[in-house]
Amino acid sequence: MPEAETPNYPKPDSKDYSVLLKLSTYLLSYKSTLLAAALALIFTAAVTLSMGGGVRFIIDEGFVAGSVQQLNTGALLIVGIALLMAIGTYTRFYLVSWLGERVSADLRQAVFDHLLSLHPNYFETNRSGEIVSRLTTDTTLLQTVIGSSASMALRSVLTFSGGLIMLLVTNLKLSGLVLACVPLILIPIMMYGRRVRSLSRKSQDSIADVGTYAGEIIQQIKTVQSYTQEDNEKLAFSQHVEDAFLVARQRIKQRALLIAVVIALIFSACAGMFWVGGNDVISGNMTAGELGAFIFYAVIVASAVATISEVVGELQRAAGAAERMFELLAVESLIASPSEAELASQPIDSLNTNLVFDKVTFHYPSRPEHAALIDIDLNIEAGQSLALVGPSGAGKSTVFELIQRFYDPGLGEVSLGGVNIKRLSPQDLRRQIAVVAQQPALFSGDVLHNIRYGKPDATQDEVIEAAKAAHAHDFIVQLPDGYSSYLGEQGVRLSGGQRQRVAIARAILKNPKILLLDEATSALDSQSEYHVQQALETLMRGRTTIIVAHRLSTIVDADLIAVMDGGKVVALGTHAQLLGSSKLYQRLAELQFRDSTREAPITA
Ligand code: ATP
């Protein structure tokens, strides 16, 4: 389990709610819905407040006056108001929840789209579980907040303001009493709110930790079980879970305390009001209906304050979630597309595929002290093949990474057809290249989907054609569902050689000008290797090819061989030249390729 790394997000300079303002730009895409929701909100608040008039009418004109007819009218009035309230609430609830769902869906999409544009190093320094938690937990939190808490807060602000006005209109003296209580209630809300917010962020972080941990263990389940580490993992996981629980407990404690304080204050204030108002009714300064209406408004105002105090915590949690999402959206890819001025004038299709490394030195950003490539000069003519050989860690795969521009060199440049690849759009560049890795990555879709990844609009016939050329057709048709067999977690498992042939079919379909091959070392049996070799030969024909080579026959056939060691090219030449000139090559040829020499005749 790697140590938790600090994500390299830029530090937010936002105040509490400025992130919620940023959110509003997403909301503003739905102006008409927003307007309709606001109207429904105002309408419901107004109708709720008019209920106070109904209460006063039913008391004063109804039972205090002793008129059954007025009592009936009053009751009907209240039912009418209630129906309007129901209609308003339905509309408000629907529209506001719709907005919540819509905005969080949009945000999810925006975050995902942005993630796909980021440089690979970002995913090395930020744990995938944490990133996924932004997409799921944080957006879900926002959805509930926009869809319910925010609307509750808005509604409460409206009923609070309206209720307060009605209080003042109904009875000034009593209103003074209510107003004196308001700061008493607001102060603890402000104080605790801040604390709740920082705890919320901690709480979300620790939940992300739990997810990341579980994700890794599930992925590595075979290793866990074969080393019988279940008990240790349970223990380690329980620590993560308990940490998350402790943070959550602190948060809910603060919130519970906040709610308790507010309730105690509100109801004590209500008792005070009853006492003062009751005295006024007894002394004839106020009618019973007025007191009834006043108390109705006071309850409305009080419950609005209580609701605000409750949802303030939610809103602050959402601010935390939104903040983290906007931080992620603000991360800029280190692999930038060239600006209009820098963009190469020649279209990429017109460039020849002569690949050149000119004095390239490169350090991985996560290991700045260690040079992965040092002063590399390579020239691969269009249509020629270069074999990279060398001990493990020599930098062979790094050469592939730079050609695909997953990283930019620190010094020197990589060029294609005489143009620095930094001056090409990364997508255009990558469209020219296909990679066949040693352990090709397959998606959990079916075989068709996996091969079509090279050319999404390929017909089924084209896919089959490519699979045949990759010597994959025969084994694919024997799978339980042929080309429709699923390769994912629940799907069929392919052998190393079969996976490589699917990857080769994908590359054949992509029909790239440049090919990057990472030969399998020892994963393949000779039968499988024979098929892979045949497939590769088909694939390489006429393309500029760079191969991390492990087999003697591949190396012998290559136009040029670069011997790499410790990030440098230590020798360059053909097989025959290198056997004479490079000690390292001789040693590699003796040791590393000994096994493949045995198998070379098969592929000859
Ligand atoms: P192998 O034959 O074992 O695959 P290689 O010759 O392909 O080795 P590279 O993978 O290019 O070697 O690695 C070159 C150096 O860069 C090594 O020291 C390696 O530890 C380091 N390295 C590779 N990938 C990364 C990375 N993503 N972040 C940091 N360092 C890396």
Side-chain angles (χ1 to χ4, degrees), residues 2-3 5-8 115 118-128 131 216 331 333-335 355 357 359-378 380 385-412 414 426 433 435-441 496 499-500 503 515-524 529 532 536 545-552 554-555 558 560-572 578 582 584-585 587-596:
E3 281 298 312
E5 284 144 317
T6 318
N8 61 353
L115 280 175
L118 289 181
H119 49 284
N121 183 47
Y122 181 79
F123 302 90
E124 288 169 17
T125 46
N126 293 282
R127 291 179 300 162
S128 61
I131 298 172
E216 168 154 342
V331 177
S333 179
L334 295 179
I335 302 299
L355 257 175
F357 274 60
K359 300 202 171 14
V360 168
T361 295
F362 170 71
H363 299 74
Y364 280 98
S366 50
R367 283 182 74 188
E369 76 296 339
H370 171 86
L373 295 180
I374 304 164
D375 213 16
I376 298 281
D377 281 316
L378 285 173
I380 310 119
S385 61
L386 168 81
L388 296 173
V389 299
S392 183
K396 305 177 296 287
S397 311
T398 308
V399 168
F400 280 15
E401 305 272 290
L402 294 197
I403 294 174
Q404 295 173 82
R405 208 174 160 222
F406 288 145
Y407 302 91
D408 282 331
L411 295 171
V414 181
I433 303 172
V435 186
V436 179
Q438 224 183 84
Q439 302 278 341
R499 292 170 77 90
Q500 256 200 335
L515 201 59
L516 307 179
L517 301 179
D518 198 345
E519 256 189 359
T521 38
S522 54
L524 307 184
E529 180 156 353
V532 170
L536 287 179
T545 307
I546 303 175
I547 321 164
V548 172
H550 299 284
R551 305 174 69 260
L552 192 62
T554 315
I555 296 163
L560 196 63
I561 302 158
V563 185
M564 294 187 70
D565 192 18
K568 294 183 185 146
V569 173
V570 291
L572 198 63
L578 290 171
S582 169
L584 178 60
Y585 187 75
R587 216 174 61 233
L588 285 171
E590 271 172 34
L591 292 174
Q592 197 173 345
F593 315 132
R594 191 188 291 153
D595 288 344
S596 45

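Whatever order the structure lists ligands and atoms in, that order sets their numbers, starting from 1. None of these values were measured; they are calculated from a predicted model.
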protein heavy-atom neighbour closest to atom 2 (O) of ligand 1 works out as Lys396 NZ, 2.9 Å

Below 30° counts as parallel, above 60° as perpendicular, anything between as tilted: where do the rings of Tyr407 and Phe362 land? tilted

Residues that Phe400 engages under ring-ring contact (aromatic ring centres under 6.0 Å, His included), provided they are two or more places apart: none

Please write down residue, atom name and distance for the protein heavy atom closest to atom 3 (O) of ligand 1. Ser392 OG, 2.6 Å

Is ligand 1 less than 4.0 angstrom away from at least one heavy atom of His370? yes

Note: ligand 1 atoms sitting under 4.0 Å from heavy atoms of Ser397 are 4 (O), 5 (P), 7 (O), 10 (O), 11 (O)

Any carboxylate oxygen within less than 4.0 angstrom of a Lys/Arg side-chain nitrogen, looking at Asp408 and Arg405? yes

In the protein, which heavy atom is nearest to atom 23 (C) of ligand 1, and how far is it? Tyr364 CE1, 3.3 Å

Which of the ligand 1 atoms, numbered from 1, are nearer than 4.0 Å to a heavy atom of Ser366: 28 (N), 29 (C)

Under 4.0 Å from a heavy atom of Ala372: give me the atoms of ligand 1 that qualify, with their elements. 16 (O)

For Phe123, what residues pass the ring-ring contact (aromatic ring centres under 6.0 Å, His included) criterion, not counting sequence neighbours? none

Per-atom contacts, ligand 1 versus Ala394 - under 4.0 Å to a heavy atom: 5 (P), 6 (O), 12 (O)

In terms of heavy-atom contacts, Ile374 and Gly566 come closest through CD1-O, 3.7 Å

Pick from Leu402, Asn121, Asp518, Thr398: the one approaching atom 9 (P) of ligand 1 most closely through a non-hydrogen atom: Thr398

For the 3.5 Å polar cut-off, considering only N or O atoms, please tell me whether Gly393 and ligand 1 meet it. yes

Pair Val360, Val414 - check side-chain contact (heavy atoms from CB on, under 4.5 Å), show working. CA-CA 7 Å; Val360 168; Val414 181; 4.1 Å; yes

Considering heavy atoms of the protein only, find what lies nearest to atom 19 (C) of ligand 1 and give residue, atom and distance to 0.1 Å. Arg367 NH1, 3.7 Å

Expected output: side-chain Lys396 to main-chain Ile547 donor-acceptor under 3.5 Å: no

Can you see which heavy atom on Ala394 is nearest to which on Met564, and at what distance? CB-O, 3.5 Å

